[in-house]
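Below, chains carry the letters A, B, ... as their sequence lines are ordered, and counting in each starts from 1.
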Amino acid sequence: MPELPEVETVRRGLQPALEGGRIVSVETRRPDLRFPFPEGFAETLTDRRVTALGRRAKYLTVHVEGGVVLICHLGMSGSFRIEAAETSTTPGIFHHERSKLTAHDHVVFTVKSRAGEATRIIFNDPRRFGFMLLSQEAVLDQHPLLAGLGIEPTGNALSGELISGLFRDRMTPLKSALLDQRLIAGIGNIYACEAMWWSKLSPRRTAGSIASGPGKPSRRADRLAEALRSVIAEAIEAGGSSLRDHIQTDGSLGYFQHRFKVYDREGEHCLRRECSGAIARIVQAGRSTFYCPVCQR
DNA sequence: ACTACTCCCTGCCAGC
DNA sequence: TGCTGGCAGGGAGTAG
């Protein structure tokens with residue numbers, strides 16, 4: 001469940017249990033996810049207070065005492081759930097009572113919250129494309145996985161002019177450029193498709209073709225910037241998108257999937273007023289792209 | 001510096 | 001019923 005809006009939703013969902021709390025124990029139930037857990041992973045985090053929860057693109061950052069930062073990525077199928085650490089003596093406090101761990105529950109954090117409640121925060125990831133690494137606060141931006149990331153699509157800084165500069169002369173398809181985390185960071189397959197629909201741009205045109213010429217602003221880049229910002233903002237507002245089996249996770253209470261204009265709508269009619277098109281599915285860079293060939297040009 | 005492609009892993013589902 | 005191929009919200013690594 002991992003594009004920017006879903007990760008942001010996870011961050012907000014974890015905040016009450018985690019921020020200001022103390023990590024009492026960390027249990028890794030296998031030696032690796034996508035990458036091996038770093039040396040001393042559990043020891044480094046144990047008995048430290050969590051000072052803040054952050055996010056950069058699709059990365060979640062857990063900042064703890066002593067300048068240590070836990071970098072988490074959910075991959076394709078990663079999720080967190082929050083449970084009571086013990087059978088609750090005051091019923092009704094926790095949404096989830098303590099459950100049996102399953103095969104894909106890979107990491108269990110026990111946290112004593114600021115309010116004194118003990119919770120278990122469990123990371124589950126069937127496909128294990130997710131990972132957890134450690135870094136230091138002072139050099140977080142220089143971490144190899146974060147250093148090359150592009151601009152966040154969440155603020156006014158993402159302008160048409162900026163996109164123009166980023167995309168100029170690129171021969172890769174627009175869709176591929178949107179998925180390139182070094183240019184704009186946090187966009188994934190769903191929101192790339194959705195933003196291109198909103199801005200009426202074909203995923204097949206080259207990225208460079210929406211850039212401005214010398215001295216001229218680009219209407220297309222302006223439209224794309226506006227679409228990206230609004231679709232991301234609205235998805236965050238909606239708590240992200242919940243797909244397939246990711247319903248019961250705390251980060252997937254979202255309902256933005258009901259507002260998809262093109263994603264997973266192959267063969268259905270285009271939802272733009274007065275457009276007679278049907279949504280097509282093509283494969284670009286090994287992933288599905290959904291778009292309307294009639295109104296997206 | 002770009003661009004394109006393979007691979008990592010498990011689960012689910014449509015189609016035979 | 002049971003198998004098979006295709007597909008899934010990502011991105012690191014490699015080779016041109």
*Under 4.0 Å between a side-chain N/O of A:K58 and OP1 or OP2 of C:dG11, yes or no?*
yes

*Within this structure, what is the CG-to-C1' distance between A:L183 and C:dG11, rounded to whole angstrom?*
14 Å

*Taking atom C1' of B:dC9 as reference, at what distance in whole Å does atom CG of A:D32 sit?*
11 Å

*Within the pair A:T172 and B:dC2, is there a side-chain N or O less than 4.0 Å away from OP1 or OP2?*
no

*Base-pairing mate for B:dC12 - Watson-Crick or G-U, with both contacts under 3.5 Å*: C:dG6

*Can you tell me how far CD of A:Q284 sits from OG1 of A:T289, rounded to the nearest 0.5 angstrom?*
3.5 Å

_Lys/Arg N to Asp/Glu carboxylate O, A:R55 vs A:E152, below 4.0 Å_ = yes

*In whole angstroms, how far is the C1' atom of C:dG11 from the NZ atom of A:K175?*
14 Å

*Once you round it to whole Å, what is the distance between P of B:dG11 and CG of A:D125?*
11 Å

_Quick check on DNA chain B: between A:D169 and A:F129, whose nearest nucleotide comes earlier from the 5' end?_
A:D169

*Base, sugar-phosphate alone, or nothing: which one does A:R182 contact when heavy atoms must sit under 4.0 Å apart?*
base

_With a 4.0 Å cutoff (strictly under), does any side-chain N or O of A:H104 reach OP1 or OP2 of B:dC9?_
no

*Among the nucleotides C:dA8, C:dA12, B:dT3, which one has an atom lying closest to any side-chain atom of A:M171?*
B:dT3

*A:H73 side chain, from C-beta outward: closest of C:dA8, C:dG11, B:dT3*: C:dG11

*Is there a side-chain polar atom (N or O) of A:S288 under 4.0 Å from OP1 or OP2 of C:dA8?*
yes

*What is the distance, rounded to the nearest whole Å, between atom CZ of A:R127 and atom C1' of C:dG9?*
9 Å

*Determine the interatomic distance between C1' on C:dA12 and the same-named atom on B:dG11; round to the nearest Å.*
23 Å

_A:R128 vs B:dC8: side-chain N/O to OP1/OP2 distance below 4.0 Å_ = no

*Return yes if some donor-acceptor pair links the side-chain N/O of A:E3 with the main-chain N/O of A:I190 below 3.5 Å, else return no.*
yes

*Any donor-acceptor N/O pair, A:N124 side chain to A:H104 backbone, under 3.5 Å*: yes

_5′-ward residue of the pair A:G286/A:R170 relative to DNA chain B_ = A:R170

*Is any NZ, NE, NH1 or NH2 atom of the basic residue among A:D105 and A:R81 found under 4.0 Å from an Asp or Glu carboxylate oxygen of the other?*
yes

*Please give the nucleotide sitting opposite C:dA15 as a Watson-Crick or G-U wobble pair, both distances under 3.5 Å, or none.*
B:dT3

*In whole Å, what is the span from the CG atom of A:L33 to the P atom of C:dG11?*
15 Å

*Out of C:dA12, C:dA8, B:dG11, which nucleotide sits closest to the side chain of A:R34?*
C:dA12

*Using the P atom on both, measure B:dC9 against C:dC3 and round to a whole Å.*
23 Å

_Length of the line joining A:L74:CG and B:dC9:P, which is rounded to integer Å_ = 19 Å

*Is the cationic atom of A:R272 (NZ for Lys, CZ for Arg) positioned less than 6.0 Å from the six-membered ring centroid of A:W197 and within 45 degrees of its normal?*
yes

_Distance, rounded to the nearest Å, where A:L4 contributes CG and C:dG11 contributes P_ = 11 Å

*Have a look at A:F260 and say if it touches a base, only the backbone sugar-phosphate, or nothing, with a 4.0 Å heavy-atom cut-off.*
nothing

_Counting the atoms with a prime plus P, OP1 and OP2 as sugar-phosphate, which does A:L145 contact under 4.0 Å by heavy atoms, base, sugar-phosphate, or nothing?_
sugar-phosphate

